[in-house]
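First the structure, in the form of structure tokens, and then the observations on it.
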Amino acid sequence: VYNEETGTVTQTQCLASSEDAIHFEKHPANPVISIQQLPEGFSPSDFRDPRVFERNGSYFLVVGSEDESGAGAVLLYKSVDLKNWEFVNVLQKSDGTIGRKTWECPDLFELGGKDILIFSPQHMKPRGYAYHNLHASVYEVGQLDTARGLFEGGEPQPLDYGFDFYAPQVLVDASGRRIMTAWMDMWQSPMPTASLDHYWAGAMILPRELNLRDGKLSFSPVREIERYRGRVFALRQQMLLGQHILPVEGDCFELEAVFNFYSGSKARLPKQAKDEDDFNRTLSLGIMLRVGNDEHTTVKLDKDHHKGEGVLTLDRTHSGAGPGGIRQAPVCLKEGRLKLRIFVDKSSVEVFINDGETVMTARIYPQQASRGIVLFSDGVCELEALNKWDLMREDE
């Protein structure tokens, strides 16, 4: 509620119901959670993004907030009928290191025998390769104590290492899959589409199925996306050194590639490999997307030759209009192999690394004619397999 006299906003939680998800009827007793039900010291102007779930026959609601000092928090409420709610506890609160403002869009659900808490802390400070955007989205793996109203979780982990990912929410489908969507944008991002010259603004990520592996979330595009695959181009066991321009192009496609940091027979080396330095080392490799008109978006892996680890860089410095910059993520190279699954749309790139152990998301705005695809390798490596599918509309 906006107060014109004071210029302040008061946020409350209201209820509406529907039989067809088109026509809604507001509850006559709204708000069902008023500012009087806020814990002492919390901001009535920052009390938003409710998420309801059921546990042991009761309904619970997590909601984002912050206290008067600016520390973000998630609050927990309980109900037996979705209409009458009681405050349970401050589920979790920032200790000063997890953002400096409201924890937005919280979510809490079960997966793999654990509870997963998701939230989006504003003004998160960078930690290593993570949290280099103005705002972040994180998850914790732990356990919900409904009696005490506390979530006991581990260290927050980033949900995406790219530029444009915020406010995720997770739903469960009829087969029990946990599927996440999110805003492919965030507050205060200077996207070209924010101007009045465009007729739309914002985008959503591809739906991602969540799984819990070795105590961490992994992310896979839902299998239904494969229905949109059209014409395919394939390469197998291609030795790489320098640049390799693919004979196909596109601005709306799925690309899957498996690289192997080469350590096999010298008899299979490319002609341009001149000495054993080329044979023994591969320090970096990758793919340039939407190439043309002095534009390109680069996905590059820099390898630590001795540790079997690497850093993946998503570089949109030369991607065209809009903000540039780079984002990076740590990568574990299992048996010297790197697997990438990349989705390119008209103005977006989503990179799934090693079967979804890590994901990087970016909005890009190249010219329409920038459609080339280029592989590159500093030192010899083997491209075990590459598949590139054009993505088609349902009516095509």
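What you see is a predicted model; the values in this text were computed from it and never measured.
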Does a salt bridge link R178 with D107, judged by any charged N lying under 4.0 Å from a carboxylate O?
no

Side-chain donor/acceptor of T181 to backbone N/O of P207, under 3.5 Å
no

Considering only NZ, NE, NH1 and NH2 on the basic side and carboxylate oxygens on the acidic side, decide whether E224 and R177 come within less than 4.0 Å.
yes

Would you name the heavy atoms of P168 and I118 that are closest together and state the gap between them?
CG-CG2, 3.7 Å

Using a strict cut-off of less than 4.0 Å between a Lys/Arg side-chain nitrogen and an Asp/Glu carboxylate oxygen, indicate whether K300 and D315 qualify as a salt bridge.
no

Applying the salt bridge (charged side-chain N to carboxylate O under 4.0 Å, His left out) test to E357, which of K216, R341, K334, R213 qualifies?
K334

Test your reading of the model: is there a side-chain donor-acceptor pair from R316 to the backbone of R363, 3.5 Å cut-off?
yes

Common cluster, I364/Y166, ILVMFWY with side-chain heavy-atom separation under 4.5 Å:
no

Looking only at atom types and distance, does a side-chain atom of E295 sit under 3.5 Å from a main-chain N or O of Q367, one as donor and one as acceptor?
yes

Check: F259 and I287 side chains under 4.5 Å, non-hydrogen atoms:
yes

If you count the non-hydrogen atoms of other residues, nucleotides and ligands that lie under 6.0 Å from CZ in R127, is the total more than 12?
yes

Does the D46 side chain pair with the main chain of T102, one donor and one acceptor, at a distance under 3.5 Å?
no

